[in-house]
> 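Below: one structure in C-alpha cells.
Note that the numbering runs from 1 along the sequence shown for the chain. When reading the values below, keep in mind they use all heavy atoms of this one structure, side chains included, and skip hydrogens, waters and symmetry mates. All ligand and atom numbering here is 1-based and tracks the order in the structure. Here the structure is a predicted model, which is why all the values come from computation and not from measurement.
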Amino acid sequence: MDLYKNPVFDMACRQFDAVADRLQMPDGDRLRLKSPKRALCVSVPVRMEDGSTRVFAGYRVQHHLSLGPTKGGIRYHPWVELGEVAALAMWMSWKCALTGLPYGGAKGGVAVDPRALTSGELERLTRRYTQELIGFIGPQLDVPAPDLGTNEQTMAWMMDTYSVHAGHPVPGVVTGKPVGIGGSLGRREATGRGVAYLAGRAMDTLGLAAEGATAVIQGYGNVGSVAAQSLVKQGLRVIAVGDATGAINNPKGLDLPHLERWVAERKTVVGFPESEPLPPEELLLLPCDVLVPAAMERQITESNATRLRCRVLAEGANGPTTPEADRILNERGDVFVVPDILCNAGGVVVSYFEWVQDLQSFFWSEGEVMDRLFRILEGAFVQTLGLARRDGIPMRLAATTLGVQRVWEAKKLRGLFP
Ligand code: GLU
C-alpha cells in the first residue's frame with residue numbers, strides 16, 4: 001500500500017494491526033479490511049479573482065463498501081494528501097461500525113488554505129471539485145459532509161452542483177447542509193455536544209464531579225467551541241483554549257459568549273481581553289480535569305505524553321494521539337482516554353439522521369435528534385467500556401475492536417466475489 005505512504009496512514013494501520021493481532025485475523029482478511037477500496041485523485045482548476053488560474057489537488061477515498069454507502073467529511077487544509085485522507089477514511093469505517101451506522105468510511109480533501117481564498121474562489125473550487133467527483137458520490141454511493149476547513153456553505157454548494165447535474169434536487173448527496181435546504185436540526189452542534197457528553201460520562205466513571213472541574217480545549221472551530229460551551233453547561237470551567245494562531249488562558253474560566261463574539265469578528269482567540277497569552281506548546285500540558293484536542297492529528301506524541309496533566313482525554317479531533325503516546329498513556333494509567341472514533345462520533349451520527357430525513361423527506365425536531373444521538377453515544381460508550389474492562393485493554397483498542405469486528409463480520413457474511 002505504498003500509494004498511501006504517510007505518517008497518519010501508518011498510524012491508522014498500526015491501530016488496526018493491534019486489533020487484527022488480538023483477533024488472530026488471517027492475513028487475507030487483514031488485507032481486505034485494511035486496504036481502501038477506491039481512491040480518486042483530481043486536479044481542481046480555479047479561476048482566481050486576479051484573473052490567474054490555479055490548480056489544486058483534490059482527493060476522495062472510500063475505505064469499504066460492505067455495509068452501505070460510504071460516509072465522511074471533506075477537508076480543506078494545505079497539508080491534505082492522499083495517505084492522510086485514506087487514514088481518515090479508515091477511521092470513519094470503524095467509527096460508523098462502532099455506532100451501528102449502515103455505512104463504510106470515506107474522506108475527501110483539497111490541499112488548500114481556505115482562509116487565503118475569497119468566497120467566490122471557494123465556491124468555484126468547491127463546485128469544480130464536486131464536478132470531478134460526479135459518478136463517485138451519491139446518496140446510495142458515498143455521502144460527503146463537513147470536516148476541517150469546510151462548513152454548511154460548502155455542503156450547500158456541493159448539493160447544488162450535484163443537483164444541477166442530476167436535473168433535480170438531491171439533498172441526500174451530502175450532510176451537514178444548512179437546515180433550509182434539507183439539513184438536520186442539531187447537526188452543526190452534534191460533534192461538540194457529543195464530545196462533552198462523553199467527557200461527562202468519563203468523569204462519572206472516574207467519580208469526578210463536573211461542578212468546578214476544569215477543561216482545556218485545543219482547536220476553536222465547530223467542534224472545539226461547541227464542546228467548550230457544552231462543558232460549561234455541565235458545570236465545568238474552560239480555563240484555556242488555543243487555535244491555529246495561538247492560545248489563551250484564564251484560570252478563573254473564560255467568558256465563552258464573549259469569546260465567541262471575539263472569534264467571529266477577528267478569526268482568532270489571540271488578544272482576547274479577559275485572558276493571558278499562553279505559549280501554544282503549553283496548552284496541552286496545563287493541569288485540568290478534561291483535555292479536548294479538537295484540531296489536527298498527531299498532537300499528543302511521545303514528546304509530551306508523559307507531561308499531560310489531565311484526568312480525561314476527550315478526543316474531538318481525528319487521530320490526535322500517536323501510537324507511541326498511547327503506549328505512554330496506557331503505562332501511566334492515570335488518564336482516561338475517550339478515543340476519537342467514539343468521542344467525536346456525534347457528528348456522523350447526526351449526519352446519518354440527516355441522510356435518513358432527506359431520503360424520507362420527513363424532518364425531526366431538535367429534541368428527537370438529540371435524544372436519539374445521546375442514546376447511540378451512550379450505547380457505544382457502555383459497550384466500549386464494558387469490553388475494555390472485561391479484557392483489561394485500553395479504550396482505543398476496545399473501540400477499534402468493536403468497529404473492526406462488525407466490518408469483518410459483514411465481509412464474512414457477504415463472502416468474497418467471485
Ligand atoms: N468529518 C466528520 C468526522 O470526521 C463528520 C463526518 C460525517 O458527518 O459524515 O467524523
> Heavy-atom contact under 4.0 Å between Gly72 and ligand 1?
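Yes.
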
> Applying a strict 4.0 Å limit to heavy atoms, is Lys95 in contact with ligand 1?
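Yes, Lys95 has heavy atoms under 4.0 Å from ligand 1.
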
> Tell me which protein heavy atom sits closest to atom 1 (N) of ligand 1, plus the residue, atom name and distance to 0.1 Å.
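The answer is Asp147 OD1, 2.8 Å.
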
> Which ligand 1 atoms are under 4.0 Å away from a heavy-atom of Lys107?
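It comes down to these atoms of ligand 1: 1 (N), 3 (C), 4 (O).
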
> Could you tell me the residue and atom name of the protein heavy atom closest to atom 9 (O) of ligand 1, and the distance to it rounded to 0.1 Å?
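Atom 9 (O) of ligand 1 sits closest to the protein heavy atom Lys71 NZ, 2.8 Å.
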
> Do the side chains of Asp340 and Lys95 get close enough for a salt bridge, i.e. N-O under 4.0 angstrom?
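No, this pair does not count.
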
> Could you tell me if Arg372 sits above the aromatic ring of Trp364, with its cationic atom closer than 6.0 Å to the ring centre and no more than 45 degrees from the axis?
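Positive - Arg372 is close enough to the ring of Trp364 and near enough to its axis.
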
> Got a salt bridge between Arg75 and Glu297, using NZ or NE/NH1/NH2 to carboxylate O under 4.0 Å?
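Salt bridge between Arg75 and Glu297, a charged N being under 4.0 Å from a carboxylate O: yes.
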
> Could you identify the single nearest non-hydrogen protein atom to atom 5 (C) of ligand 1 and state the distance to 0.1 Å?
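Among all protein heavy atoms, the one nearest atom 5 (C) of ligand 1 is Arg187 NH2, 3.6 Å.
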
> State the atoms of ligand 1, each with its element, that fall below the 4.0 Å cut-off from a heavy-atom position in Met92.
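It comes down to these atoms of ligand 1: 3 (C), 4 (O), 6 (C), 10 (O).
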
> With backbone taken as N, CA, C and O and side chain as the heavy atoms from C-beta onward, which portion of Leu88 lies under 4.0 Å from ligand 1: side chain, backbone, both, or neither?
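None of Leu88 does.
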
> Salt bridge check, Lys411 against Asp29: does any charged N sit closer than 4.0 Å to a carboxylate O?
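No, this pair does not count.
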
> Applying the side chain to side chain contact (heavy atoms under 4.5 Å, CB included) criterion to Trp355, which one of Val173, Val143, Val350 satisfies it?
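Of the listed residues Val173, Val143, Val350, the side chain to side chain contact (heavy atoms under 4.5 Å, CB included) partner of Trp355 is Val143.
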
> Determine whether any heavy atom of Pro146 lies closer than 4.0 Å to an atom of ligand 1.
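Contact present.
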
> Examine distances only and state if a side-chain atom of Arg298 and a backbone atom of Thr321 form a donor-acceptor pair shorter than 3.5 Å.
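Not a single qualifying donor-acceptor pair exists.
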
> I'd like to know if the side chain of Ser93 and the backbone of Gly105 have a donor-acceptor N/O pair within less than 3.5 Å.
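The answer is yes, because a donor-acceptor pair under 3.5 Å joins these two groups.
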
> Is it the case that ligand 1 has an N or O less than 3.5 angstrom from some N or O of Thr175?
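Between Thr175 and ligand 1 (N or O atoms, distance only) the closest approach is not under 3.5 Å.
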
> I need the Leu198 CG to Leu342 CG distance, nearest 0.5 Å.
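Those atoms lie 5.0 Å apart.
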
> Which atoms of ligand 1 sit under 4.0 Å from any heavy atom of Ser351?
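So the answer, numbered in order with elements, is 7 (C), 8 (O), 9 (O).
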
> Any idea which atoms of ligand 1 are less than 4.0 Å away from a heavy-atom of Gly73?
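Taking each heavy atom of Gly73 in turn, ligand 1 has 1 (N), 6 (C) under 4.0 Å.
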
> Do side-chain atoms of Asp391 reach the backbone of Ile393 as a donor and acceptor pair under 3.5 angstrom?
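Absent.
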
> For atom 7 (C) of ligand 1, what's the nearest protein heavy-atom neighbour? Residue, atom name and distance, please.
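Its nearest protein heavy-atom neighbour is Ala145 CB, 3.3 Å.
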
